[in-house]
Amino acid sequence: MIEALVLGAGAAGLRAGAELLRKRVRVLVVEARDRVGGRVHSVEDRELGRVVELGAEFVHGPRVELKRAKLKLEEMDGRQMALLDGGLRDVTGQFRSVIRKLAGARGAGTAQSWLATANLDDVERELARSYIEGFFAAPAAFVGIEGVANDQGMRTRRVVGGYDRALRGHADALRAAGALRLCLTVERVRWRKGHVAVQARTVSGAAEEIEARRLLVTLPVSVLAATDGVGFDPPLRGKREALSWVRTGGVVKALLRFREPFWLTRALRKADFFHAPGAPLPTWWRGSPREVPLLTGWAGGPAAERLKEGDRLAGALESVARIFGRTRHEIESLVEGVRMVDWSEDPFARGAYAYELAGSPPDLLPRLAAPEEETLFFAGEATSLTGRGGTVDGALETGLRAAKQLLQTL
């Protein structure tokens, strides 16, 4: 029997597994996908000659775990352009003003109530709503303004060469030790104190059971809370109420590769982000370096939900055409490659990242992160106790924390 079984080979699972392996624990990390990384999904675009990000892309806030990977980062602090009154305007100053005002927001109300009463001009209010709902992948009426405020003031940086570089070392160590299995879908967990039996299916559908003394769960909270997700016997009663206060926001990403970077006009050469409040995909950003003919679109929360009702590609083309004052036919004639990713349709993610509902209990995160009977341990971005939920660094940190908790019981 192995000593520790880790569910999920995303950032948290790989970090936890690598730490347990380093401490000479007999560990196995299992993953339902045919790849590691979870919601980090870096792929090579051979036509561009670059790695592109289908999942996590930006580094926000302080780096703790990510420093170990010695990543090269690119600052994304150029101009913010917004489509207002029928034309693109430089709103960098107003955008930064919005971020400062959000950072200073206080109170128990929702982001929606703050938007209604905050000292914002019309442009700032429009930018603030679009930013809040896109960044948190949630309706402004659902999230508390304190939670929004706590995440402001963060620099926006992008990983050069692929975000998966942050995870490769952990994955390579586990592979070398034979401690990593892919394409194994866990369906049910039977457990009692000191013993776990996991029922799973292989890629061909064959049943398999793995026994372990401890289980470290890094599954997204959306999967844990789902009625058709992984079943636990006995149920996770200590987690049930806590999970009811958490949601996972929907995100759609559109990566459009063009024949040429037609947006690199003299007026827009220093622009990093393009905003079109109300468009199907309201936020876009340039490729790296600037000359790369790639635009990435983002629809989070309500915008992602609206895209379910229509043609996502049509929405992406319409958004770009609207931003740059071109016809959809002109934009479509320049497109040479399309990648559309809807993270809510990924059965092993069921969304992008977690957010807390307004009015959630103050001890929510400790409850989500708390072990059960010194047998089940929990990690993942939603369980961050240091305010770094929704980030890769936060996920890595929780994997290390949960591994240390587990080690103390062996």
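Values below: all heavy atoms of this structure, side chains included; hydrogens, waters and symmetry mates excluded.
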Are the charged groups of [X] and [Y] less than 4.0 angstrom apart, N to O?
| X | Y | result |
| --- | --- | --- |
| R68 | E65 | yes |
| E209 | R190 | yes |
| R290 | D272 | yes |
| E53 | K253 | no |

Return each pair, listed once, that meets salt bridge (Lys or Arg N to Asp or Glu O under 4.0 Å) where at least one residue sits in residues 177-187; pairs must be two or more places apart or across chains. R181-E208, E187-R201
May I have all residue pairs that pass salt bridge (Lys or Arg N to Asp or Glu O under 4.0 Å) and include part of residues 334-361, sequence neighbours excluded? R33-D346, D228-R350, K308-D342, R312-D342, R312-E345
Tell me whether [X] contacts the main-chain N or O of [Y] through its side chain, where contact means a donor paired with an acceptor under 3.5 Å.
| X | Y | value |
| --- | --- | --- |
| R259 | S333 | yes |
| S319 | G315 | yes |
| S42 | Y163 | yes |
| T92 | D90 | no |
| T398 | G380 | yes |

L376 vs V196, test: side chain to side chain contact (heavy atoms under 4.5 Å, CB included). Steps then yes/no. CA-CA 9 Å; L376 305 184; V196 175; 4.1 Å; yes
Measure the acute angle between the ring planes of F58 and F273, then classify it against the limits of 30° and 60° as parallel, tilted or perpendicular. tilted
Indicate the ring-plane relationship of F258 and F262, choosing parallel, tilted or perpendicular according to the 30° and 60° boundaries. perpendicular
Do W298 and V251 come close enough that some side-chain heavy atom pair is under 4.5 Å? yes
Are there over 12 heavy-atom neighbours, none belonging to F142, within less than 6.0 Å of that residue's CZ? no
Distance from F377 atom CZ to Q405 atom CD, nearest 0.5 Å? 7.0 Å
For E57 and T296, does a side-chain donor sit closer than 3.5 Å to a side-chain acceptor? no
